[in-house]
Amino acid sequence: MIKKALVVVLVALVSACAGIPVSSDYAADYDFAGVSTFAWLPRTEAADGGNNADLDNDLVRQRVTDAVDAQLAAKGLSRALDGVPASVLVTYHLGKEEKVNFNSFGSWYTHFAYYPCYYCDYRPGYGRGYFGHGHFYDDDVWVRSYEESSLMIDIIDAKSKKLVWRGTSKRVMPNMDTPEERRRYIQDTVAAVLAKFPPGAEQHP
């Protein structure tokens, strides 16, 4: 029963992350097999979202840190004790941007008043449509504004201080009313990003 429960949990996590867009980049000559421990790089104002209070606060930092710790632990990495050198250093960057989306599509007018007619094929000079009535064509434009959040996770070699792996996700930010919704949103995003760490992990779970 325990094994079946673990399988169900893993399938649920994979399904939750499947629709989240993620990209990654890494140093092809780096020995990721030798990575066993990690430590957090001290945060900076720029990394914490600058003066954006939605991104730069203790609650968000704790949620991201907890999610990353859990994902790396699941991959066999342990967090180095204070004062003990780690294999790699971890940091992240959060962003939020206002976006506007324009959708243009055709609308049709008949004596039945305005409605979108997706089955009609008539345009002036092209004959009659599906209902046998004369229609004329017009263009409608729908404008939708939304917020896009971004999460970038960096893995840095502790000795050389060089970036060796970076994973990034950008996704539409939904309305979140509760702490649990915010925690789950961050958890799912972090899981999707780190599914690609180390390189090849998504092909060989």
Can you spot which of L94, T91, T168 makes a side-chain contact (heavy atoms from CB on, under 4.5 Å) with M152? T168

Which distance, rounded to the nearest 0.5 Å, do you find between the CZ of R183 and the CG of D188? 8.5 Å

Could you tell me which non-hydrogen atom of [X] sits nearest to which non-hydrogen atom of [Y], and how far apart they are?
X    : Y    : answer
V22  : S169 : CG2-CB, 4.1 Å
D154 : R166 : OD1-NE, 2.7 Å
A158 : A86  : CB-O, 3.1 Å

NZ/NE/NH1/NH2 to OD/OE distance under 4.0 Å, E181 and R184: no

Salt-bridge criterion met for R61 and D58 (N-O under 4.0 Å): yes

Should Y26 and F197 be marked as a side chain to side chain contact (heavy atoms under 4.5 Å, CB included) after you check the CA-CA gap, both sets of side-chain angles, and the distance that decides it? CA-CA 9 Å; Y26 60 91; F197 179 82; over 6 Å; no

Flag the pair [X] / [Y] as yes when at least one side-chain heavy-atom distance between them is below 4.5 Å, and no otherwise.
X    : Y    : answer
I155 : F38  : no
Y185 : R63  : no
F32  : P199 : yes
Y30  : V88  : yes
K75  : L194 : yes

I'd like to know if V164 and W40 are part of one continuous hydrophobic network [Ile/Leu/Val/Met/Phe/Trp/Tyr, side-chain heavy atoms within less than 4.5 Å]. yes

